[in-house]
S.K.: 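Before I ask anything, let me first share the structure, which is written out below as structure tokens.
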Amino acid sequence: MVRVRFAPSPTGLLHIGNARVAVFNWLFAKRLQGTFILRIEDTDVARSEKKYMTQLIEDLHWLGITWQEGPDVGGQYGPYLQSERLHIYNDLCQKFLKEGMAYKCYCTPEELEERRRIARHTGKPPRYDNRCRNFTDTQKEAFETSGLNYTIRFKVPDELVVFDDLIRGTCQFDTSLTGDFVIMRSDGTPSFHFAVTIDDTLMNITHVIRGEDHLSNTPCHILLFHALKQKPPQFAHLSLTMGADRALLSKRHGAFSISEYRKLGYLPEGLLNYMMMLGWSPKDKKEKFKVGDIIDTFEINSMSKASSVFDQQKLDWLSGQYIREADLERLLTLAIPYLQEAGFVSTEESKIDLSKLKLIIDAVRGNISCMSQIVHESEIFFKDVVISENHVEFLSSETSQSILSAFYMELQKLNNLSPEIFKDILKTVQKETKVNGKGLYMPIRIALTGREHGPELYSVANILGINACKTKIERFL
RNA sequence: GGCCCCAUCGUCUAGCCUGGUCUAGGACAACAGAUUUUCGAUCUGUGAACUGGGGUUCAAAUCCCCAUGGGGUCACCA
């Protein structure tokens, strides 16, 4: 039975990079009908916050990712919050200490930092020098009675660690180059390395799928698995996602948190699709695909080894594609909160003209990539748009005036408007003014909307209605 | 700096494992044309890449080595 986990630390918002790791874990589990587990690594007391965990769960659910075991749903291998498992780490640590696999280190953070600084300065690797490892008994006793704070470090044995990575193939590390690392901090909380291996063992994790930033940590973990007398799981290290500057994707690259995208009104299936495109592609080479359709073809070893650059433009394109074919009722539901916030429609849903709204959404959906853009696109239907000076000038030109007045005359003959009627009267205006194409449409578009871009003019006029059209044109005659 | 991973159009990628079918395919973006009597949307098309150097081979994007470049890691963060 395949068991995989996504193990974020609740120290910030879930962003594209992390979420992508969750997605591939989830996909892998689905493909092999395994179990997907959510484990929260909140051992960093200073930075972990409950609200981030809540948000993280919400964001994952929004994307459509579900797990069989986790802090919110329970499971037989719990608890799934590392902060609730401290006694486990502690017991094991005592065992390590007793068996001589670990030792107390009395170096202070300041000393360590200073030594690292010097090492870096002299071009040496900034690793721990294992100095507390071989204290004599009298030295140990002296420290013991001193009451000084200490951390507990793992005695890293010198060996050549070899493992097969599902994505990268055989990887080798010489651990004599690795310093003894901390497994228990002076405040009694476990370090990442320690907690991870213990939990992966106790939770029977069969495959560890994580970012490539953990590749160099893997030998440390394998050593710990050995110390725990456990067979290490299979590893798969995913390529990383970078920003446009080729630096690891992070907050400073902009709005990359999942909740941010949600707030902007991206459709979750679009975002999910995009994240899967980073490092993987389906056999049929389609860019747009539904998760359900590709699960059976997913092979983790076919994933790209090279890191990829996050491309907002492509996300926008893909997301736009989903909006174009989304169910109109669904878009309506999604759009209403944005329109309410903008003050375009009533906060009481019963007072909203839903059929008109649907017309509007259908008219503008081709021009947006996320639902929040509906506000800008539909503003022309709800507000008297301010016309810029350039446009005023443009509309007062001789040809513009002739078109506008001819158009107005035609409107006067009518009681109502439809896309067809609009096209008909434009035909008449064209004949009268001898202007066609862009020259004919642009003055009317600008007079009606105050913009050069927008939905098809006939649907704009149709939605506006005959009276609004008349008054808007009157202003420029 | 040591160690590790990686390297195809500007970007995401196919091809690489199992050399020949690759004058390297697709998508985003860019540009051009068509269509819409309109901008946009849509459709069609164009330009755009095997990092460099050595090998192996009849033949290398594909296998090997070196160089270069990028990234990661070496924390009482995860």
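Numbered from 1 within each chain, the chains take letters A, B, ... in sequence-line order. Note that this is a predicted model, so its numbers are computed, not measured. In what follows, every heavy atom counts, from backbone to side chain, and hydrogens, waters and symmetry copies are set aside.
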S.K.: For the residue pair S397(A) / S400(A), report whether a side-chain donor-acceptor contact shorter than 3.5 Å exists.
M.R.: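 Judged by distance alone, the side chains do pair up.
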
S.K.: With a non-hydrogen cut-off below 4.0 angstrom, is R127(A) in contact with a base, only sugar-phosphate, or nothing?
M.R.: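 Answer is sugar-phosphate: R127(A) comes under 4.0 Å of backbone atoms only.
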
S.K.: Taking the C1' atom of each, how far is rG55(B) from rG10(B), in whole Å?
M.R.: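 The answer is 33 Å between these two C1' atoms.
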
S.K.: Could you walk me through whether R210(A) and E41(A) pass the salt bridge (Lys or Arg N to Asp or Glu O under 4.0 Å) test, one step at a time?
M.R.: CA-CA 14 Å; R210(A) 58 194 350 179; E41(A) 310 218 324; over 6 Å; no

S.K.: Rounded to whole angstrom, note down the C1' distance from rA32(B) over to rU73(B).
M.R.: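 Rounded to whole Å, the distance is 48 Å.
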
S.K.: For the C1' atoms, the ones on rU21(B) and on rA61(B), what distance do you get once it is rounded to whole angstrom?
M.R.: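 The same atom, C1', in both gives a distance of 15 Å.
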
S.K.: Closest nucleotide of RNA chain B for V435(A) versus for T108(A): which of these residues is on the 5' side?
M.R.: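 Going by which nucleotide is closer to the 5' end, it is V435(A).
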
S.K.: Would you indicate which nucleotide in rG72(B), rA27(B), rC3(B) comes nearest to any side-chain atom of E287(A)?
M.R.: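 Nearest listed nucleotide: rA27(B).
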
S.K.: Can you tell me if Q321(A) touches the phosphate of rU42(B), counting only side-chain N or O atoms and a distance under 4.0 Å to OP1 or OP2?
M.R.: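 So the side chain of Q321(A) is within the cut-off, an N or O lying under 4.0 Å from OP1 or OP2 of rU42(B).
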
S.K.: Which one, rA27(B), rG40(B), rU38(B), comes nearest to the side chain of N367(A)?
M.R.: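 Of all the options, the side chain of N367(A) is nearest to rG40(B).
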
S.K.: Examine rG26(B): is either OP1 or OP2 under 4.0 Å from a nitrogen or oxygen in the side chain of S281(A)? Give yes or no.
M.R.: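 Looking at the OP1 and OP2 atoms of rG26(B), neither is under 4.0 Å from any side-chain N or O of S281(A).
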
S.K.: Taking the six-membered ring for Trp, are Y261(A) and Y266(A) ring centroids under 6.0 Å apart?
M.R.: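 Under 6.0 Å, so yes.
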
S.K.: Using a heavy-atom cut-off of 4.0 Å across all strands, would you classify Q430(A) as base, sugar-phosphate, or nothing?
M.R.: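 Here Q430(A) touches the bases of the nucleic acid.
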
S.K.: Hunt down the Watson-Crick or G-U wobble partner of rU23(B), both distances under 3.5 Å, from any strand shown, or write none.
M.R.: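 Partner of rU23(B): none found under 3.5 Å.
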
S.K.: Write down the distance separating the P atoms in rA78(B) and rA27(B), rounded off to the nearest Å.
M.R.: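 One P to the other, the span is 45 Å.
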
S.K.: Consider the side chain of E212(A), meaning its heavy atoms from C-beta on, and name the nucleotide among rG71(B), rA75(B), rA41(B) that approaches it most closely.
M.R.: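 From the listed options, rG71(B) comes nearest.
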
S.K.: Just compare rA14(B), rU37(B), rG40(B) and give me whichever is closest to any side-chain atom of Y441(A).
M.R.: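 The nucleotide sitting nearest to the side chain is rU37(B).
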
S.K.: Pick out which of N18(A), V21(A), L38(A), L60(A) makes a side chain to side chain contact (heavy atoms under 4.5 Å, CB included) with P8(A).
M.R.: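 Testing P8(A) for a side chain to side chain contact (heavy atoms under 4.5 Å, CB included) against N18(A), V21(A), L38(A), L60(A) leaves exactly one candidate, L38(A).
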
S.K.: Counting any heavy atom closer than 4.0 Å, what does L457(A) reach on the DNA or RNA strands: base, sugar-phosphate only, or nothing?
M.R.: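 Contact class for L457(A): base.
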
S.K.: Under 4.0 Å, heavy atoms only, any strand: does P8(A) hit a base, just the sugar-phosphate, or nothing?
M.R.: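 The residue P8(A) makes no contact with any strand.
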
S.K.: Within 45° of the ring axis of Y274(A) and under 6.0 Å from its six-membered ring centre, is that where the NZ or CZ of K314(A) lies?
M.R.: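 Pair K314(A)/Y274(A) does not count as cation-pi.
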
S.K.: Can you tell me, in whole Å, how much space there is between the P of rG19(B) and that of rC58(B)?
M.R.: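 That atom pair is separated by 15 Å.
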
S.K.: Using the side-chain hydrogen bond (donor to acceptor under 3.5 Å, both in side chains) rule, pick out the option among D199(A), D42(A), T189(A) that qualifies with Q82(A).
M.R.: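 Among the candidates, only D199(A) passes.
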
S.K.: Does N273(A) use its side chain to pair, donor to acceptor, with the backbone of F289(A) at less than 3.5 Å?
M.R.: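 Yes: the side chain of N273(A) pairs with the backbone of F289(A).
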
S.K.: With a 4.0 Å cutoff (strictly under), does any side-chain N or O of S308(A) reach OP1 or OP2 of rU13(B)?
M.R.: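 Yes, S308(A) has a side-chain N/O under 4.0 Å of OP1/OP2 on rU13(B).
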
S.K.: For rU73(B), what is the paired nucleotide under Watson-Crick or G-U wobble rules, both distances under 3.5 Å?
M.R.: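 The base-pairing partner of rU73(B), which may sit in any strand shown, is rG2(B).
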
S.K.: Quick check for you: among rA78(B), rC76(B), rC28(B), whose closest atom lies nearest to any side-chain atom of L112(A)?
M.R.: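 Out of rA78(B), rC76(B), rC28(B), the nucleotide with an atom closest to L112(A)'s side chain is rC76(B).
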
S.K.: With P as the reference atom in both, quote the distance from rU11(B) to rA49(B) in angstrom, rounded to an integer.
M.R.: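 Their P atoms lie roughly 12 Å apart.
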
S.K.: Does a donor on one side chain and an acceptor on the other come within less than 3.5 Å for D316(A) and Q312(A)?
M.R.: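 A pair is found: one side chain offers a donor N or O, the other an acceptor, under 3.5 Å apart.
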
S.K.: Is there a side-chain contact between R168(A) and the phosphate of rC4(B), meaning an N or O under 4.0 Å from OP1 or OP2?
M.R.: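 Result: no.
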
S.K.: When the P atoms of rC76(B) and rC63(B) are considered, how many whole Å apart are they?
M.R.: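 Looking at atom P only, rC76(B) and rC63(B) are 40 Å apart.
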
S.K.: Determine: side-chain N/O of R185(A) to OP1/OP2 of rA78(B), distance under 4.0 Å, yes or no.
M.R.: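 Indeed, a polar side-chain atom of R185(A) lies that close.
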
S.K.: Hey, is the side chain of K314(A) pairing donor to acceptor with the base of rA27(B) inside 3.5 Å?
M.R.: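 A donor-acceptor contact between them is present.
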
S.K.: Any donor-acceptor pair under 3.5 Å between the side chain of S186(A) and the base of rC76(B)?
M.R.: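 A donor-acceptor contact between them is present.
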
S.K.: Name the closest nucleotide to the D311(A) side chain, picking from rU37(B), rC74(B), rC28(B).
M.R.: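 The answer is rC28(B), which lies nearest to the side chain.
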
S.K.: Choosing from rU38(B), rG1(B), rC12(B), which nucleotide comes nearest the side chain of L278(A)?
M.R.: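 Taking heavy atoms from C-beta onward, the closest nucleotide is rC12(B).
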
S.K.: Hey, is the side chain of R210(A) poking within less than 4.0 Å of OP1 or OP2 on rA78(B), counting only N and O atoms?
M.R.: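 Answer is no, no contact under 4.0 Å.
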
S.K.: Looking at the side chain of E456(A), which of rC39(B), rA78(B), rG1(B) is the nearest nucleotide?
M.R.: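 Of the candidates, rC39(B) comes closest.
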
S.K.: Side chain of Y458(A), heavy atoms from C-beta onward: which of rC4(B), rU38(B), rC76(B) has the nearest atom to it?
M.R.: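 Per side-chain heavy atoms of Y458(A), the pick is rU38(B).
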
S.K.: Take G454(A) and F310(A), find for each the nucleotide of RNA chain B with the closest heavy atom, and name the residue whose nucleotide sits nearer the 5' end.
M.R.: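 This one resolves to F310(A).
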
S.K.: Among rU37(B), rU38(B), rA78(B), which nucleotide has an atom closest to any side-chain atom of R47(A)?
M.R.: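 Nearest nucleotide to the side chain: rA78(B).
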
S.K.: So, does R116(A) get its side chain near the phosphate of rC76(B), meaning an N or O under 4.0 Å from OP1 or OP2?
M.R.: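 Looking at the OP1 and OP2 atoms of rC76(B), one of them is under 4.0 Å from a side-chain N or O of R116(A).
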
S.K.: Taking the C1' atom in each of rA29(B) and rG45(B), what is the distance between them to the nearest angstrom?
M.R.: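 Roughly 16 Å separates the two C1' atoms.
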
S.K.: Would you say R324(A) places a side-chain N or O within less than 4.0 Å of OP1 or OP2 belonging to rU42(B)?
M.R.: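 Checking rU42(B) against R324(A), a side-chain N or O does come within under 4.0 Å of OP1 or OP2.
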
